[in-house]
Structures are given as C-alpha cells and as structure tokens.
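Report on one structure; see the data block that follows.
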Amino acid sequence: MVAVFGAVVIVVALALNEFSMRGASGVSGFAVADFEAQAQAESGPAPAFELPSVDGGQTVALEAYHGKVVVLNFWASWCGPCWTEAPGLQRTWDEYRSRGVRFIGVNETDDPYAARSFIEKNGLTFPSGSDPAGRLAASYRLTGMPTTFIIDRGGNLVYRFLGYLDERTLRPALDELLRRAS
C-alpha cells in the first residue's frame with residue numbers, strides 16, 4: 001500500500017512539473033493545459049456514465065453510443081484553451097457525424113449559466129453533460145483541461161489528448177480508427 005501511494009505521489013509530481021514546463025496553470029482543481037494536444041495511446045474500457053444535460057434536456061449517457069466511435073471532450077467555460085478548441089471540435093463534429101462518429105462534451109466544475117453561454121457562443125450542437133463535482137473526471141483520471149478521448153466502437157479508450165485539440169490532429173486519429181474498424 002505504501003509503495004502504491006509513493007508511486008501516485010511521484011506520478012502527480014511529474015505531471016505537475018510537466019504542466020509547469022509547458023505553460024499550464026491550475027484552476028478549480030485542474031491544471032489548465034494551455035498547449036496543443038498530441039495523441040497519446042490509451043487502453044481499457046471507457047468508464048460508463050450518465051450525466052444531466054447542460055441544457056436541461058435528456059441525460060447524456062455513454063451507453064447510448066455503443067457501437068459508435070465517440071469523441072469525449074472535457075471542457076469548462078473558465079478554461080481558455082477550451083475556447084480555443086471549441087470551434088474546431090464543432091467543425092469536426094459536422095464533418096464526421098455522417099461517418100458514424102459521435103461527440104460528447106462533459107462540462108467540468110462549472111457554473112451552469114456560464115456553461116450554457118459557452119455552448120451558445122461557440123455554436124456547439126453535440127450533446128454536453130454536466131459533471132459539477134468532477135466525479136467523472138476522476139474516473140477518467142483527468143489531470144488537466146481540456147482533455148479529449150477517442151473511444152472505439154467496442155467502448156474502449158484508444159486515444160487521450162491533453163491540451164487544446166486542433167482539427168489537424170483530431171481528423172487523422174479519427175480516420176485511422178474508422179479505417180481500422182471497417
């Protein structure tokens with residue numbers, strides 16, 4: 001048990017050092033990853049969730065998208081890099097939804113009015129759930145915002161992107177996964 005705790009402390013210290021070297025700062029318990037994201041391989045099943053919708057509509061549940069490739073984006077209105085990536089995420093959603101890709105946003109530890117304003121000002125049309133206490137973020141082991149995951153048709157994590165995600169980075173990852181799944 002002591003060894004596990006020691007390993008966790010070392011990993012957290014290394015992550016904080018990496019963020020400070022790359023220009024990240026802390027907000028609301030999360031580091032703000034103010035740098036362009038790169039694909040990092042992930043594996044294992046994506047943690048299931050059902051969240052209330054930011055807009056007050058139906059709940060947002062990962063299970064509803066089983067059999068689809070899913071882009072899962074964690075964001076907040078207080079996160080500057082989230083504003084940077086939002087227009088590109090919407091454009092990629094517009095382009096890839098006809099190919100069976102689904103996008104889900106997860107609003108983290110945010111004011112509900114600010115979250116709805118973020119969606120409206122960025123013209124986001126994909127569903128976003130609300131995670132005000134950060135429980136889902138903990139399930140996905142988030143260390144910074146924004147963070148985006150790609151989940152394959154079998155419900156497994158394939159990629160993690162920490163930092164703001166550019167379309168030029170997201171599209172090839174989706175293309176590769178769609179080719180693999182065909």
Side-chain angles (χ1 to χ4, degrees), residues 24-34 36-37 42 45-153 155 157-167 169-171 173-174:
S25 59
V27 173
S28 190
F30 294 102
V32 176
D34 193 11
E36 190 169 339
E42 277 283 319
F49 63 86
E50 184 171 332
L51 298 171
S53 175
V54 170
D55 66 9
Q58 295 184 342
T59 60
V60 179
L62 182 59
E63 178 60 31
Y65 300 98
H66 187 73
K68 303 285 186 185
V69 172
V70 175
V71 175
L72 179 64
N73 174 252
F74 288 83
W75 62 272
S77 66
W78 46 259
C79 166
C82 297
W83 287 88
T84 301
E85 75 176 2
L89 289 174
Q90 179 62 40
R91 285 189 296 271
T92 307
W93 159 240
D94 288 339
E95 181 180 339
Y96 279 79
R97 65 180 159 192
S98 66
R99 297 175 64 188
V101 177
R102 297 296 175 254
F103 280 50
I104 302 172
V106 177
N107 178 248
E108 285 301 320
T109 62
D110 209 349
D111 174 80
Y113 298 106
R116 286 191 290 277
S117 179
F118 178 93
I119 289 170
E120 183 181 315
K121 288 179 180 176
N122 284 293
L124 301 181
T125 61
F126 52 87
S128 279
S130 178
D131 185 29
R135 288 188 185 100
L136 185 59
S139 296
Y140 277 84
R141 301 179 331 271
L142 253 62
T143 56
M145 297 282 285
T147 297
T148 303
F149 294 89
I150 298 180
I151 302 167
D152 70 14
R153 290 183 171 122
L157 297 167
V158 179
Y159 293 113
R160 170 193 299 252
F161 300 89
L162 173 61
Y164 56 88
L165 185 54
D166 187 273
E167 300 164 77
T169 303
L170 180 55
R171 285 185 174 125
L174 290 172

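Values below: all heavy atoms of this structure, side chains included; hydrogens, waters and symmetry mates excluded. Only a predicted model underlies this, so the values are computations on that prediction, with no experimental measurement involved.
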Taken to the nearest 0.5 Å, the spacing of T148 OG1 from L170 CG works out to 7.5 Å
Can a donor-acceptor pair be found, under 3.5 Å and without considering hydrogens, that links the side chain of E85 to the backbone of L165? yes
With sequence neighbours left out, which residue pairs that include part of residues 126-140 fulfil the side chain to side chain donor-acceptor pair (under 3.5 Å) condition? W75-S128
Among T169, N73, D166, which residue meets the side chain to side chain contact (heavy atoms under 4.5 Å, CB included) test with F161? T169
For Y65 and P127, which heavy atoms make the closest approach, and how far apart are they? OH-CG, 3.4 Å
CZ on F149 to CG on L62, rounded to 0.5 Å: 11.5 Å
Derivation and outcome, ring-ring contact (aromatic ring centres under 6.0 Å, His included), residues F118 and W83: CA-CA 8 Å; F118 178 93; W83 287 88; 4.6 Å; yes
When you compare the side chain of F126 with that of V60, does any pair of heavy atoms fall below 4.5 Å? no
For the side chain of W78 and the backbone of T109, is there at least one donor-acceptor N/O pair under 3.5 Å apart? yes
Here the gap from N107 atom CG to I119 atom CD1, rounded to the nearest 0.5 Å, amounts to 7.0 Å
Evaluate the side-chain contact (heavy atoms from CB on, under 4.5 Å) criterion for residues L162 and F74: first the C-alpha distance (whole Å), next the side-chain angles of each, then the deciding distance (0.1 Å), finally the verdict. CA-CA 10 Å; L162 173 61; F74 288 83; over 6 Å; no
Distance in Å, M145 CE paired with C79 SG, rounded so as to fall on 0.5 Å steps: 5.5 Å
Who are the salt bridge (charged side-chain N to carboxylate O under 4.0 Å, His left out) partners of E95, not counting sequence neighbours? R171
With sequence neighbours excluded, residues passing side chain to side chain contact (heavy atoms under 4.5 Å, CB included) with V101: V69, V71, Y96, F103, L174, L178
With sequence neighbours excluded, residues passing salt bridge (charged side-chain N to carboxylate O under 4.0 Å, His left out) with D94: R97
If the condition is salt bridge (charged side-chain N to carboxylate O under 4.0 Å, His left out), which residues does R141 pass it with, not counting sequence neighbours? E42
Heavy-atom closest contact (R160 atom, T147 atom, distance): CG-CG2, 4.1 Å
So, do L51 and V106 sit near enough that their side-chain heavy atoms are less than 4.5 Å apart? yes
Shortest non-hydrogen separation from L124 to Q90 and the atoms involved: CA-OE1, 3.1 Å
Run the side chain to side chain contact (heavy atoms under 4.5 Å, CB included) test against P87 and tell me which residues pass, sequence neighbours left out. R91, N122
Approximate separation, where rounding is to 0.5 Å, of Y113 OH and S77 OG: 13.5 Å
From I150 atom CD1 to L72 atom CG, the distance as rounded to the nearest 0.5 Å: 10.5 Å
List the atom of I151, the atom of A46, and the distance in Å for their closest heavy-atom pair. CD1-CB, 3.7 Å
Shortest non-hydrogen contact from V54 toward A115: CG1-CB, 3.8 Å
